> 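Handing you this structure, nothing more for now.
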Number of protein chains: 2
Amino acid sequence: MDLQRIKYFLALSEQLHYWKTAEKVNITQSALSRQIQSLENELGLQLFERNKRNVKLTPAGKFLKEKWEVELNELEYIHQFAKQIHLGERGTITIAHPDSISASIMPDILAKITQAFPQLQIKLVQVLYENQLDFLKNYKIDLAITRDITSEQGIKSKKIYSDHLALVVPLDHAFKSFEDLSKESLSAQKFILPTKDEGSSYSEIIQALFKSYDLVPDVFLHSEFGSTIIALVRKGLGIAILPDSYMHHQSPGLRFIPLPFKTDILINWRADDHNPVLSNILSLVFDC
Amino acid sequence: MDLQRIKYFLALSEQLHYWKTAEKVNITQSALSRQIQSLENELGLQLFERNKRNVKLTPAGKFLKEKWEVELNELEYIHQFAKQIHLGERGTITIAHPDSISASIMPDILAKITQAFPQLQIKLVQVLYENQLDFLKNYKIDLAITRDITSEQGIKSKKIYSDHLALVVPLDHAFKSFEDLSKESLSAQKFILPTKDEGSSYSEIIQALFKSYDLVPDVFLHSEFGSTIIALVRKGLGIAILPDSYMHHQSPGLRFIPLPFKTDILINWRADDHNPVLSNILSLVFDC
DNA sequence: TCCATTAATGCAAAATACGCATTAATAAAT
DNA sequence: ATTTATTAATGCGTATTTTGCATTAATGGA
């Protein structure tokens, strides 16, 4: 059954006149007549009660006119919706990102996306660094924003930003600026540091930092959760090293002392992911 | 857009394999390939992500698979429903009938209809005799069961039953049987009779009845409503003449004395009404 | 009774769909 | 790295379907 036939039927059911309808839908009266006939044959019922003079809907025709009008509108809407999905204007994308950028570049990125594609549904999740690649490969997330470089097969990666590390101390702490740091002053401190993962490039940078002072830090606690670390530092339980993106969080009572070490932020996605939503978001993000 | 194409798409979206799908839907792989291609062109989007080795739904394809499955089911149901309307198995018919047969032949007729066509919706209405033809012509009712013969253009009519007139008296009334009736005994009575309509064949029969006794009845009240008349007779306000169908109503305290006058029950419908529901009901009723 | 209107239909042309055979790409096996 | 098996796409001739033109036949109104 051709939807075009149903459209012809609907046109005729309005006009109830073959010639006028045929003209309106740009076919000949002969073609229209046969289209209606084959529609009737296909359905095994009569749509119009007609003689050579009058055309009138049968009860079944009346019923189908009402129902088909609804269904055709429905289908048209569905097709439009599908087209938007095809263009990447509709759909869902799940993004994992570190807490550190929640208040810095994430708002920028999200604002850009929602402005360009207001119909997109974005799911933000926080995933432990060690799980990110698995989640990406298993379609639990579509985009992973991370500080770790990956050379995984099938995962594409691109740097989108970089920020400095900063030493985070309470306001009343002796450290006021970078010049106050030395092997001696640092060795007296208790540190709160991120979890030391195998092969995590972010951990390696922090290790490199301490190595530059030829120091093994006294680590009081490991945590991956920036907000936890900040709270502990504010209570004077130790000092921490965090990306200076955290300065964008409202954190009174703390001093951020920038350090000459940079940490990159990368965006990762599946190489074989052809979801048009992803392509749209990638090209938006790369324009930053 | 051909619904067949959508069916092909749905089959392929299940199998995700052209050859197997083509075999399943009884066309060649070549034809299937081209059907999917033209569907994609028609919609202006890609349904499958495919190379020479793998077939996989795109996000838009996934969306359409879900939606189209629902829509196609819906359409199939609609078409079945329409077919039932065409066969007169579904639909609505409005029937007017006199109160007199509510408890006699109407239950028989209705039982027969609902047994043969359980999906039919029947509306029963009571219409004043004088309005019946108008209601029929103006599509307010589809079938009029009446005691009046009509020779109206465009209205078909057929007798389906006939019953006798009966004199209705209270149990304690002097009249016990037909032999008690005479010009003298009748002229002493007060009568409750139906409204005397112009050209109503039922009124004429009652007039003929009195004429056979060479009598002009003392009419105390006119009413078309049988139940009203019966209540009044039971209270001793007068005696009445009604079709003996009323004996099927539960009417304690009354005696029905059959009279040798018959009144026909006719069924009327529009000659140009081709509603299949009507045809079905007519052929059922005529089999009585 | 005749005329104007109008849906159906015969027929040939155009468009579309189909099947067969082949091609080209790719994953798996060696 | 090379070969092989698998499989979606495609060229081409054929079959089917649809279309438009011209005509027919039925019908309501004058």
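Just so you know, these numbers come straight off a predicted model, no measurement behind them. Letters go in sequence order (proteins before strands), and every chain restarts at 1.
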> Among the nucleotides D:dC12, C:dA7, C:dT23, which one has an atom lying closest to any side-chain atom of B:Arg34?
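Nearest nucleotide to the side chain: D:dC12.
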> Relative to the ring of A:Phe81, is the ring of B:Phe63 parallel (under 30°), tilted (30 to 60°) or perpendicular (over 60°)?
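Geometry flag for A:Phe81 against B:Phe63: parallel rings.
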> Scan B:Ser203, B:Ser200, B:Ser157 and name whichever one has a side chain to side chain donor-acceptor pair (under 3.5 Å) with B:Asp148.
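So the option named by the test is B:Ser200.
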> For the pair A:Lys62 and A:Glu66, find out whether any cationic side-chain nitrogen is under 4.0 Å from an anionic carboxylate oxygen.
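No, A:Lys62 and A:Glu66 are not salt-bridged.
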> Which comes earlier along DNA chain C counting from the 5' end, the contact point of B:Asn54 or that of B:Gln35, where each point is its nearest nucleotide?
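Counting from the 5' end, the first nearest nucleotide belongs to B:Gln35.
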> Identify, between A:Trp19 and A:Asn26, the residue whose nearest nucleotide on DNA chain D lies closer to the 5' end.
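It is A:Asn26 whose nearest nucleotide is closer to the 5' end.
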> For the base of C:dA8, is there a side-chain donor-acceptor partner from A:Gln37 under 3.5 Å away?
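Under the 3.5 Å cut-off, the side chain and the base do not form any donor-acceptor pair.
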> Please confirm whether any donor atom in the side chain of A:Lys52 sits under 3.5 Å from an acceptor in the base of C:dA7, or the reverse.
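Between C:dA7 and A:Lys52, which were checked side chain against base, a qualifying N/O pair under 3.5 Å is present.
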> Check the distance between C:dT16's C1' and A:Ile27's CD1 and give it to me in whole angstrom.
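In whole Å, C:dT16 C1' and A:Ile27 CD1 are 16 Å from each other.
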> Atom CZ of A:Phe48 to atom P of C:dA8: distance rounded to whole Å?
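After rounding, the gap between these two atoms is 10 Å.
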> Nearest whole angstrom, please: distance from the C1' of D:dA8 to the CD of B:Gln46.
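It is 13 Å, rounded to the nearest whole Å.
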> Of the options D:dT10, D:dT18, D:dG20, whose atoms approach the side-chain atoms of A:Ala31 most closely?
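Of the options given, the side chain of A:Ala31 lies nearest D:dG20.
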> Looking at B:Ser33, I'd like to know whether one of its side-chain N or O atoms comes within less than 4.0 Å of OP1 or OP2 on D:dA8.
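Looking at the OP1 and OP2 atoms of D:dA8, neither is under 4.0 Å from any side-chain N or O of B:Ser33.
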> Measure OH/B:Tyr18 against P/C:dT23 and give the value in whole Å, please.
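The answer, rounded to whole Å, is 21 Å.
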> Round to the nearest Å and state the distance from B:Asn51 atom CG to D:dT7 atom P.
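Going from B:Asn51 (CG) to D:dT7 (P), I get 12 Å.
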> Name the orientation class of the two ring planes belonging to A:Phe48 and A:Phe9 (parallel below 30°, tilted from 30 to 60°, perpendicular beyond 60°).
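If you compare the ring of A:Phe48 with that of A:Phe9, the planes turn out tilted.
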> When you check the phosphate oxygens OP1 and OP2 of D:dT18, does a side-chain N or O of A:Arg5 lie under 4.0 Å from one of them?
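True: A:Arg5 side-chain N/O within range (under 4.0 Å) of D:dT18 OP1/OP2.
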> Please report the distance, rounded to the nearest Å, between CZ in B:Arg50 and C1' in C:dA27.
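Rounded to whole Å, this separation is 19 Å.
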> Write down the distance between CG (B:Leu16) and C1' (D:dA8), rounded to a whole number of angstrom.
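Rounded to the whole Å, the gap is 13 Å.
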> For B:Gln29, report the nucleic acid contact type (base, sugar-phosphate, nothing); a contact means any heavy atom under 4.0 Å.
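B:Gln29: base contact, heavy atoms under 4.0 Å.
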> Tell me if the side-chain of A:Thr28 makes a donor-acceptor pair with the base of D:dC21, cut-off 3.5 Å, by modelled atom types.
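Side chain to base: no pair present.
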> Would you mind reading off the distance between A:Glu40 atom CD and C:dT9 atom P, rounded to a whole angstrom?
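Going from A:Glu40 (CD) to C:dT9 (P), I get 11 Å.
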> Among C:dC20, C:dA27, D:dG20, find the nucleotide with the atom closest to the side chain of B:Ser30.
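The answer is C:dC20, which lies nearest to the side chain.
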> Could you tell me whether the side chain of A:Arg53 has a donor or acceptor atom within less than 3.5 Å of a complementary atom in the base of C:dT5?
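Pair found.
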> Is the shortest distance from a Lys or Arg side-chain nitrogen in A:Glu14 or A:Lys65 to a carboxylate oxygen in the other one below 4.0 Å?
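Yes, A:Glu14 and A:Lys65 are salt-bridged.
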